[in-house]
Amino acid sequence: MADFIRNPVVALPDPNPASHFSKEELVFTAEEKEKIAEYVAQYPTPDGAVMWALWLAQEKFGFLPSEVMRLVATELSLPYAQVYGVATFYTQYFKEKKGTFVLDVCTCFSCQFCGGYDILAYLEEKLGVKRGHTTPCGRYTLQEAECLGACGSAPMMQVSNGPYAHNLTPEKIDALLAAMEAGKPLPFVSVTLPQDEDEMGGNRRTDAEVVEHYAVPPQTKRTQ
Amino acid sequence: MKYTLIGICLLLIACGGSELASDEIYGAQDEAVDVIPVEAVLAEPQHYMDDEIAVAGTVHEVCQMKGCWLMLRGLDTGEGLRVHVERTETGEYAFTVPSDISGRYAVAVGTITTPEAEEEAHYQEDAPGTVPVLSMVAVGVRISPEESI
Amino acid sequence: MTKAGDWKSYKRVLLPPVKDLHHLDVYQEQGGYQALRAVLSDWKPEDVTAEVKLSGLRGRGGAGFPTGLKWSFMPPVKPDVPRYLCCNADESEPGTFKDRQLMEYNPHLLFEGILIAGYAMSLKACYLYVRGEFASWITLLQNELSKAYDAKLVGDNILGTDHSMDIIIHKGAGAYICGEETSLMESLEGKRAYPRIKPPFPAQSGIWGYPTTINNVETLACAPIIINRGGDWFAGVGAKKHPGPVLYGISGHVNRPGVYEYPTGMLITDLLEIAGGMRDNKKLKALVPGGASVPVLRADMIDGVTMDVESLQEAGSMMGTAGMLFLDEDTDMVAFLRRVARFYHHESCGQCTPCREGTGWMENLITRIDDGEGNLRDLDLLLDLCDQMEGRTVCALADAAAWPVRNTIKRFRGDFERRCRPAAWAVNA
């Protein structure tokens, strides 16, 4: 038993981790506090606002080390354990430092048979890192994601928990990476319904920044 | 919340209890139109087949695992109506009833069907010796607080 | 049941062909929010529920439960007890991508549906739980919602009546389990999304212990259509026991994947034709009719099968979310099942042992078979494992993980046996 406590099967979190941020950095500004108060007002108890507050903190700090979780807990007057529990449950909250761009390539279900793994392999080769790792320059983190809900426009990926990129090909990846290098924000892509193409001659939104169409998925042999 | 509840309970005891207790409803909350005694349904099931009706009777057995079925019986006959709760397409129960309602008076709303052999075999495992003539897929069960006479 | 060819004249109602329908002014020009106006001025709440019951609408989120009946599970209104609606937009079932497009192209239909449901059940507020990956769509929804608030369509005293209701958008953060209704409620309450034991059912004790109803996006979007056109009109569209328009999300090895709106009860073969047939004139090998959890169908099992609860049940599958994956003859079913098993292993919340350990064990076994190191008896071990998981957990995730494993092995056993190491002695196949 004692041995089990000394050498746990699952690594326990470090009780005194080194702080990633200085005391001065670890504060919410007045606007952010106001925003959090707005979220709190939407729920009967402050607990409900935990997820929104963690999102806000992640946008501000880039990831959620324990000191940021503590900051959120203090702001909402909740126990740290609860905030820690929530933050570690969901995959989109980053518990360790990620690259500037997090590339979530979907390889699940439809994407598996429509070239998701080809895209992942191409990115692994291009960035020189394996899935689940960050490039040494700290710009890109490559991840394999579970179904992102864009199965008709497979293969696809999501960039930094934000916009989706559909119907990926190696050329498209190159263009996307070039745009990211140049610091251009990636646009929101509206995918046209096939019935709209037939009945309305194209996308129904006139305000869509970029329009994609559902296309024949590419051939692939790679399934893992 | 908890303290309010305790307060209400104390108040109820102080007032003499049962007069304020009302029916417990599980599942659909609609007011049933015509309530038919279970004896009448068992006597002439062909009249009620495949229609949504409300049947009243005394609860004899209840599923002790999940509360997903109960047996309604009339006063004078040994035959019974097996009431089981509506399920979703994936097999989950839409609602369940408490397992301690034997002997209470209940009104079940649902559709009458003939029991399927396969299903019956499962129920015989669950509660041997109960012989239903009919079964019902219930969307709601109303249970009276009083023991039936 | 739809007659063959009926679909050719079908006019879309969930996503009618109107440019910029997602703008509030366009939506209102097209008669939007008329159903809400009518309901608020002339209808009694219980009549709305009765109309939805009459329409025969079944939930579009996977379980296919009659919506009107679900609404009638809400207990009588008590003063000072708030009641809530949760709109489940945590669309994470693999193969499903319809709600995202509905929210992008017709968000006000969803808002109107939410408000109608809110009136029918006398609700205080609706939490619209959108999965965190849909961040861009959350921004779109927030924009349109604030316009609806400004137009007095949502909020206090809607359209000058006594009825008030808020719609609050909640952003998830990537957890498949949050699509399960009780775990969605836990997530909303700011906890780890561990499903709750039922009873109590959400209608008795939901979010923060108050009566709650949970409906899918597409289900709620049907409510204004039912009010505008009448429950009998809706009941007459598509399959008799499972009526209404439905968004089919077609993906996989077809020429024209995408989201298509057609009535329920469509022949699967018709839908394949609509989606342009199989790519490169290949033969169909397998079809998953409603998202990863539902049993896979072999190509020879789909003749005459229609997309509705009854017909699919007869064929040995389920309607699920109507997210259909077509796979061609070159598909490796072992690799398919390996990835599906991995998905469930990744997404198991870890609350119940049979699921937490079972999904991992399943993945390991299938990986072993896929790597060519499996034994024939592993197949029976997998089937036995399914028996040990199904119905032994708090929520249905373990069942949802077991169904595809059980049915893929049963229906494509040859594919699996060929990958296993040859047996040294006779085994029971």
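To find a chain, count down the sequence lines: A is the first, B the second, and so on, and within it residues start at 1. Worth knowing before you read on, the calculation uses all heavy atoms, side chains too, and leaves out hydrogens, waters and symmetry mates.
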Fill in: Winner by heavy-atom pair count (cut-off under 4.5 Å) against chain B, out of C:V309, C:V294, C:T49
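Of the options given, most contacts go to C:V309.
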
Fill in: chain B contacts, top residue of C:G64, C:A203, C:A63 (heavy-atom pairs, under 4.5 Å)
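Among C:G64, C:A203, C:A63, the one with the most close pairs to chain B is C:A63.
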
How far apart are the closest heavy atoms of [X] and [Y], and which atoms are they?
| X | Y | value |
| --- | --- | --- |
| C:G320 | B:E89 | N-OE1, 3.9 Å |
| B:A94 | C:F65 | CB-CZ, 3.3 Å |
| B:Y93 | C:F201 | O-CE2, 3.3 Å |
| B:T90 | C:G62 | CG2-O, 4.1 Å |
| C:E180 | B:E92 | OE2-OE2, 4.4 Å |
| C:L69 | B:A28 | CD1-CB, 4.0 Å |

Fill in: Heavy atoms from other residues, nucleotides or ligands near NZ of C:K241 exceed 12 (cutoff 6.0 Å)
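At most 12 heavy atoms, drawn from other residues, nucleotides or ligands, come within 6.0 Å of this atom.
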
Item to complete: May I ask you to check whether over 12 heavy atoms, not counting those of C:E314, lie within 6.0 Å of atom CD?
Response: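 At most 12 heavy atoms, drawn from other residues, nucleotides or ligands, come within 6.0 Å of this atom.
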
Discussion item. For chain C, which candidate among B:G27, B:G91, B:G67 shows the most heavy-atom pairs at distances under 4.5 Å?
Written reply: B:G27

Worksheet item: When rounded to the nearest 0.5 angstrom, what is the spacing between CD in B:E86 and NZ in C:K70?
Response: 12.0 Å

Practice prompt. Output the distance between atom CD (B:Q29) and atom CD (C:E46), rounded to the nearest 0.5 Å.
Written response: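 One finds 13.0 Å between CD of B:Q29 and CD of C:E46.
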
Discussion item. Taking salt bridge (charged side-chain N to carboxylate O under 4.0 Å, His left out) as the cut-off, I'd like each qualifying pair that reaches into residues 50-69 of chain C, sequence neighbours left out, listed once.
Written reply: B:D30-C:K53, C:R60-C:E218

Measure [X] against the heavy atoms of chain B and call it side chain, backbone, both or neither at under 4.5 Å.
| X | value |
| --- | --- |
| C:W71 | neither |
| C:M74 | backbone |
| C:P66 | side chain |

Practice prompt. Using side chain to side chain contact (heavy atoms under 4.5 Å, CB included) as the criterion, list what pairs up with B:E52, not counting sequence neighbours.
Written response: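 In terms of side chain to side chain contact (heavy atoms under 4.5 Å, CB included), with neighbours along the sequence ignored, B:E52 is linked to B:V109, B:V139.
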
